[in-house]
K.L.:
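Got a structure for you, questions after.
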There are 2 protein chains.
Amino acid sequence: MEPAATVLDLNQLRRSCSSCALYELCLPAGIGGDDLDRLDATVKDKRTLERGAMLYRENDTFEALYVVRSGALKTFVQNEAGDMQILAFHLPGEILGFDALATNLHVSQAEALERSSICELPYAKLQQVTSEVPALHRQLMRVISREVVEEHRHLVMMGKQQAQEQLASFLHGLADRYQRLHRDGTALNLPMSRYDIANYLGLVVETVSRLFSRMEEMGVLEVNRKSVRILRPDLLAALCRTDTVSRRNDVG
Amino acid sequence: MEPAATVLDLNQLRRSCSSCALYELCLPAGIGGDDLDRLDATVKDKRTLERGAMLYRENDTFEALYVVRSGALKTFVQNEAGDMQILAFHLPGEILGFDALATNLHVSQAEALERSSICELPYAKLQQVTSEVPALHRQLMRVISREVVEEHRHLVMMGKQQAQEQLASFLHGLADRYQRLHRDGTALNLPMSRYDIANYLGLVVETVSRLFSRMEEMGVLEVNRKSVRILRPDLLAALCRTDTVSRRNDVG
DNA sequence: CGATCGGTTGAAACCAATCAACCTTTGTGG
DNA sequence: CCACAAAGGTTGATTGGTTTCAACCGATCG
């Protein structure tokens with residue numbers, strides 16, 4: 001049975017990796033065969049995190065990059081007073097840990113929002129492979145750059161003056177990411193708490209709660225605790241921007 | 001006179017690069033001699049931008065990374081409606097252009113806030129050098145990672161619930177960056193407009209203007225148009241956080 | 001089952017956005 | 001060189017959306 005099991009595992013790996021951020025570290029770069037195997041070999045045994053478990057903390061030494069295989073995580077920073085600011089939510093296929101590249105120490109923290117499975121990419125081994133497979137280097141740069149662009153989206157969201165626009169944009173973006181995972185983009189199952197959403201957007205939890213209710217009244221959403229169904233994607237998209245021309249954002 | 005001029009130029013180059021983001025692309029990596037020369041050779045002729053001139057626009061093809069030599073720039077994104085969100089202000093020694101690494105197209109725009117001089121690093125040539133000098137690769141990754149961490153600071157700023165905290169944090173951070181440039185960290189000369197500051201922080205210009213006035217009344221600042229003197233750095237630091245324990249940010 | 005946590009809703013206070021007026025600086029052209 | 005226009009900035013009055021404070025509900029968990 002061993003060969004069959006191996007084939008099965010490989011197939012599953014291929015399948016699960018097809019929606020993975022690492023996918024582009026191989027195929028688009030024209031990598032296959034030995035190179036692909038070599039990259040596969042750098043992926044350490046998967047780790048499983050329970051809800052609330054930390055993947056890394058501030059000041060942890062930089063050991064690896066991580067890819068979410070299943071579940072979801074949040075990354076955040078905390079100041080001396082314990083104030084938290086959530087930087088991102090990470091869904092399956094998304095990569096995290098880049099914050100530590102600069103100093104070799106993590107400057108943020110990563111916590112599982114639910115039971116999650118993580119692929120660990122020890123950076124030392126990854127460096128070795130990328131030095132042997134130059135095409136991988138550019139690919140890795142691309143992935144980091146995507147991280148930068150993703151943060152731009154977060155900044156744009158927070159820059160909106162109306163809380164409703166912020167939440168609409170948040171849900172809209174989440175739906176996009178769900179679809180990219182070949183999930184139903186209209187039936188979101190939010191892994192994060194209302195508190196987390198509020199913090200992510202720079203609001204308080206009551207405001208977020210009220211907005212969910214209001215958007216439900218408007219017929220845009222159907223909210224049931226963590227389960228959010230988007231009834232009117234068109235209206236949701238419209239809510240992402242104010243109709244009135246805002247003086248603040250309008251270009252001079 | 002030619003040799004003397006060459007020596008002078010080299011010295012000036014060394015001096016101007018000592019406070020440059022690229023500095024760490026050489027020395028800390030233990031690079032010197034030929035390797036350093038090779039890196040220097042990748043720097044294209046400097047460009048000068050007038051106030052309001054664009055360094056790159058959205059959808060421009062990715063040609064190079066840029067380092068501010070003198071002056072200041074802002075990077076921003078614009079949506080279909082023309083709404084702008086400023087992503088960052090770039091002071092001398094700071095690098096920009098990473099947004100295009102992912103897609104080979106710029107997804108943001110860069111505009112000079114005042115007459116600025118720019119070092120251009122053609123990415124093709126840079127790639128060639130980094131492939132020959134592996135140590136440079138890790139250094140370049142470090143620089144991008146710093147970009148990520150810098151954006152985290154922006155997010156934390158925007159996440160603050162009080163506009164005064166946001167502006168205080170902005171000025172505090174700016175003072176830090178001025179000091180890193182060996183400038184006076186208490187005598188800021190803001191290259192950006194009030195409008196830009198407001199947009200960067202997610203506020204409206206009137207609020208920013210009022211806050212400048214209020215902080216002047218409090219004796220924290222001395223404001224004179226673009227010139228801001230920090231009279232009480234201690235008070236400014238205190239204004240960066242609310243005294244009252246906020247429910248939103250406090251960790252659960 | 002009680003306690004705790006997460007979430008919702010209401011009422012009130014407050015802060016920032018909005019609208020408006022005005023001032024200063026800058027730049028342009030007669 | 002002056003006049004005027006345009007842009008940038010400040011200040012006031014008002015509105016309104018979000019925060020704050022509070023109570024309550026439901027789910028989860030030990």
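Naming: A, B, ... by sequence-line order, numbering from 1 per chain.
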K.L.:
What's the CG-P distance between A/N199 and C/dG6, to the nearest Å?
P.N.:
13 Å
K.L.:
Has the side chain of A/R210 got a donor or acceptor atom sitting under 3.5 Å from an opposite partner on the base of D/dG17?
P.N.:
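Check fails, no donor-acceptor contact within cut-off.
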K.L.:
Any side-chain N or O of A/Q162 under 4.0 Å from OP1/OP2 of D/dG16?
P.N.:
no
K.L.:
Ignoring the backbone of B/T207, work out which of C/dG7, C/dA17, D/dT19 is nearest its side chain.
P.N.:
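From the listed options, C/dA17 comes nearest.
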K.L.:
Looking at A/R214 and C/dT8, is any side-chain donor or acceptor paired with a base atom of the opposite kind under 3.5 Å?
P.N.:
no
K.L.:
I'd like to know whether the aromatic ring centres of B/Y200 and B/H154 sit less than 6.0 Å apart in this structure.
P.N.:
yes
K.L.:
Has B/K226 got a side-chain N or O lying under 4.0 Å from the OP1 or OP2 atom of C/dT25?
P.N.:
no
K.L.:
Could you give the CZ-to-C1' distance, from A/F212 to C/dG7, as a whole number of Å?
P.N.:
11 Å
K.L.:
Do the charged groups of A/E111 and A/R51 touch, with an N to O distance under 4.0 Å?
P.N.:
no
K.L.:
What's B/S193 touching, base or sugar-phosphate or nothing? Going by heavy atoms closer than 4.0 Å.
P.N.:
sugar-phosphate
K.L.:
Scan side-chain atoms only and decide if A/H90 and A/T75 contain a donor-acceptor pair under the 3.5 Å cut-off.
P.N.:
yes
K.L.:
Kindly indicate, with the supporting measurements, whether the criterion side chain to side chain donor-acceptor pair (under 3.5 Å) is fulfilled by A/H106 and A/D60.
P.N.:
CA-CA 5 Å; A/H106 282 285; A/D60 277 2; over 6 Å; no
K.L.:
Expressed in angstrom and rounded to an integer, what is the separation of A/L203 atom CG from C/dC15 atom P?
P.N.:
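For the pair A/L203 CG and C/dC15 P, the rounded distance is 17 Å.
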K.L.:
Would you mind classifying the nucleic acid contact of A/R225 as base, sugar-phosphate or nothing, using non-hydrogen atoms under 4.0 angstrom?
P.N.:
sugar-phosphate
K.L.:
Using whole Å, report how far CZ of B/R194 lies from C1' of C/dT25.
P.N.:
13 Å
K.L.:
Map B/R51 and B/S213 onto DNA chain D by nearest heavy atom, then report which one ends up closer to the 5' terminus.
P.N.:
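Looking at the nearest nucleotide for each, B/R51 comes out on the 5' side.
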K.L.:
Calculate the interatomic distance between A/L211 atom CG and D/dT18 atom P; express it in whole Å.
P.N.:
7 Å
K.L.:
Does any donor atom in the side chain of B/T61 or B/E63 lie under 3.5 Å from an acceptor atom in the other side chain?
P.N.:
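Judged by distance alone, the side chains do pair up.
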K.L.:
Nearest whole angstrom, please: distance from the C1' of D/dT10 to the CD of B/E216.
P.N.:
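To the nearest whole Å, that distance equals 12 Å.
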K.L.:
Using atom CG of A/L113 as one end and atom P of C/dG6 as the other, report the distance to the nearest whole Å.
P.N.:
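Distance check: A/L113 CG to C/dG6 P gives 12 Å.
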K.L.:
Report the nucleotide, chosen from D/dT11, C/dA11, C/dT8, that has the shortest atom-to-atom distance to any side-chain atom of B/E206.
P.N.:
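Between D/dT11, C/dA11, C/dT8, the one nearest the side chain of B/E206 would be D/dT11.
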K.L.:
I need the CD1-C1' distance between B/I197 and D/dT10, as an integer number of Å.
P.N.:
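Result: 14 Å.
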